[in-house]
Trainee: 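Mind having a look at this structure? Questions to follow.
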Amino acid sequence: MDDSETGFNLKVVLVSFKQCLNEKEEVLLDPYIASWKGLVRCVRRTCSLGGSPGRVPYVVSASRWLSSPALLPVSRWVFLNSLGAIFSFISKDVVSKLQIMERLRGGPQHEHYCTLQAMVTHELGNQLVDLERRSHHPESGCRTVLRLHRALHWLQLFLESLRTSPEDTRTSVLCTDSYNASLAAYHPWIVRRAVTVAFCTLPTRKVFLEAMNVGPPEQAVQMLGEALPFIERVYDVSQKLYAEHSLLDLP
């Protein structure tokens, strides 16, 4: 099997979140950013710009922030295209948030941005967070990670519902329910309407599972059961930290 056949594996992307927690259960920001970039690489490979038959090129952002991997065979592109269709409405925002976090990690105060816990302590202690309305610190680390945190919750809920749902369940219903339980509360009506309409174009559950590049649907379901707990644990630790500091509703 060549590199293009092995280049995409959803399990590898999801399991990478295991590296985000240290032995103290602190969220390590470098692995967190890297894991998110892995997800973005998946969903950015969704638009055909031409190329050789049977292959679909990678979509590169204008800033070329994400490096271009090898072209993917169409058989591997099905899942990426499907995931991209439901993720594209937040992917641009996710990329901008990851860029903010990379600037903070590479900035003069980088030592305070090694873990999520250290970042929260630093920014709250130095009044670097807009707690009631966006003002002097619109790009604080706390606000930025909160947006990534919410998006991760939506993706986790959708993949978990895909894993546990009956075979004939409509994926549009699963995705809409996951969206309503996570991101919808933070979007205006016009955005909610647009994305729920887009969800109606999703392929069947069987197509989703078969396109995950891990074998037949039964193996894909097993893979999700093994991999999703890593994302769930990172989400739970982050959620608890933000709740303790009353940061879950930052403007």
Trainee: Quick one: are the ring centres of Phe208 and Phe158 less than 6.0 Å apart?
Mentor: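 Yes, the ring of Phe208 comes within the 6.0 Å limit of the ring of Phe158, centre to centre.
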Trainee: What residues form a ring-ring contact (aromatic ring centres under 6.0 Å, His included) with Tyr113, not counting sequence neighbours?
Mentor: His122
Trainee: Please assess His112 against Thr121 for the test side chain to side chain contact (heavy atoms under 4.5 Å, CB included), listing each intermediate value before the final yes or no.
Mentor: CA-CA 8 Å; His112 298 297; Thr121 298; over 6 Å; no
Trainee: Quick one: pull up CG in Leu21 and OG in Ser238 and give me the separation to the nearest 0.5 Å.
Mentor: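 Atom-to-atom, Leu21:CG and Ser238:OG are 7.5 Å apart.
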Trainee: Considering all heavy atoms of both residues, which atom of Thr201 and which atom of Ala198 are nearest to each other, and what is their separation?
Mentor: OG1-O, 2.7 Å
Trainee: Determine the interplanar angle of the Tyr242 and His149 rings, folded into 0 to 90°, and report it as parallel if under 30°, tilted if 30 to 60°, perpendicular if over 60°.
Mentor: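 Tyr242 and His149: parallel rings.
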Trainee: Kindly give the heavy-atom pair with the smallest separation between Cys20 and Val234, and that separation in Å.
Mentor: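 Nearest pair, atom of Cys20 first, then Val234: CB-CG2, 3.8 Å.
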Trainee: Please name the pair of heavy atoms, one in Leu14 and one in Leu224, separated by the smallest distance, quoted to 0.1 Å.
Mentor: CD1-CD2, 4.0 Å
Trainee: Could you check if a side-chain atom of Glu111 sits within less than 4.5 angstrom of a side-chain atom of Gln109, using non-hydrogen atoms only?
Mentor: yes
Trainee: Do you reckon Val145 sits in the same ILVMFWY cluster as Leu131, going by side-chain contacts under 4.5 Å, direct or chained?
Mentor: yes
Trainee: List the atom of Gln117, the atom of Glu25, and the distance in Å for their closest heavy-atom pair.
Mentor: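 Shortest heavy-atom contact: NE2-O, 3.6 Å.
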Trainee: Only one of Leu241, Val237, Thr115, Asn22 passes side chain to side chain contact (heavy atoms under 4.5 Å, CB included) with Val27; say which it is.
Mentor: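 Checked Leu241, Val237, Thr115, Asn22 against Val27; only one passes side chain to side chain contact (heavy atoms under 4.5 Å, CB included): Val237.
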Trainee: For Arg150, give me all partners under side-chain contact (heavy atoms from CB on, under 4.5 Å), at least two apart in sequence or on another chain.
Mentor: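 If we apply the side-chain contact (heavy atoms from CB on, under 4.5 Å) test to Arg150, skipping adjacent residues, the hits are Leu146, Arg147, Leu183, Tyr186.
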Trainee: What heavy-atom pair brings Leu104 and Glu123 nearest, and what distance separates the two atoms?
Mentor: CD1-OE2, 4.5 Å
Trainee: Considering only NZ, NE, NH1 and NH2 on the basic side and carboxylate oxygens on the acidic side, decide whether Arg105 and Glu102 come within less than 4.0 Å.
Mentor: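 Looking at Glu102 together with Arg105, the answer is no, because their closest N to O distance does not fall below 4.0 Å.
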Trainee: Compare every heavy atom of Leu202 with every heavy atom of Cys175, then report the nearest pair and how far apart it is.
Mentor: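 Where Cys175 meets Leu202 most closely, the heavy atoms are CB-CD1, 3.7 Å.
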Trainee: Keeping the roles fixed (side chain from Arg192, backbone from His187), state whether a donor-acceptor pair exists under 3.5 Å.
Mentor: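 Yes, because the side chain of Arg192 sits within donor-acceptor range (under 3.5 Å) of the backbone of His187.
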Trainee: So which of Glu226, Gln219, Glu218 actually passes side chain to side chain donor-acceptor pair (under 3.5 Å) with Gln222?
Mentor: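 When side chain to side chain donor-acceptor pair (under 3.5 Å) is applied between Gln222 and each of Glu226, Gln219, Glu218, only Glu226 qualifies.
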Trainee: Tell me if a side-chain donor or acceptor on Arg205 pairs with a main-chain N or O of Asp168 at a distance below 3.5 Å.
Mentor: no
Trainee: List the residues meeting side-chain hydrogen bond (donor to acceptor under 3.5 Å, both in side chains) with Ser35, not counting sequence neighbours, and say none if there are none.
Mentor: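 side-chain hydrogen bond (donor to acceptor under 3.5 Å, both in side chains) check on Ser35 returns Ser16.
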Trainee: Would you please classify the geometry between the His153 ring and the Tyr235 ring as parallel, tilted or perpendicular, with 30° and 60° separating the classes?
Mentor: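 Answer is parallel, since the angle falls under 30°.
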Trainee: Between Thr176 (side chain only) and Val173 (backbone N and O only), is there a donor and an acceptor less than 3.5 Å apart?
Mentor: no
Trainee: Considering residues at least two apart in sequence or located in another chain, which fulfil the side-chain contact (heavy atoms from CB on, under 4.5 Å) criterion with Pro251?
Mentor: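 So Pro251 forms a side-chain contact (heavy atoms from CB on, under 4.5 Å) with Arg134.
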Trainee: Under 6.0 Å from the CZ atom of Arg193, do we count more than 12 heavy atoms belonging to anything else shown?
Mentor: no
Trainee: With a 4.5 Å heavy-atom cut-off, do Asp130 and Leu250 have their side chains touching?
Mentor: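 Heavy-atom side-chain distance check fails, nothing below 4.5 Å.
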Trainee: What residue pairs, at least two apart or across chains, pass ring-ring contact (aromatic ring centres under 6.0 Å, His included) with a residue in residues 213-234?
Mentor: none
Trainee: The criterion is side-chain contact (heavy atoms from CB on, under 4.5 Å); which residues satisfy it with Lys240, sequence neighbours excluded?
Mentor: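 Lys240 satisfies side-chain contact (heavy atoms from CB on, under 4.5 Å) with Glu244 only.
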Trainee: Does the side chain of Val221 come within less than 4.5 Å of Arg163's, by heavy atoms?
Mentor: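 Arg163 reaches Val221 side chain to side chain.
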Trainee: Any side-chain heavy atom of Leu159 sitting closer than 4.5 Å to one from Ile231?
Mentor: no
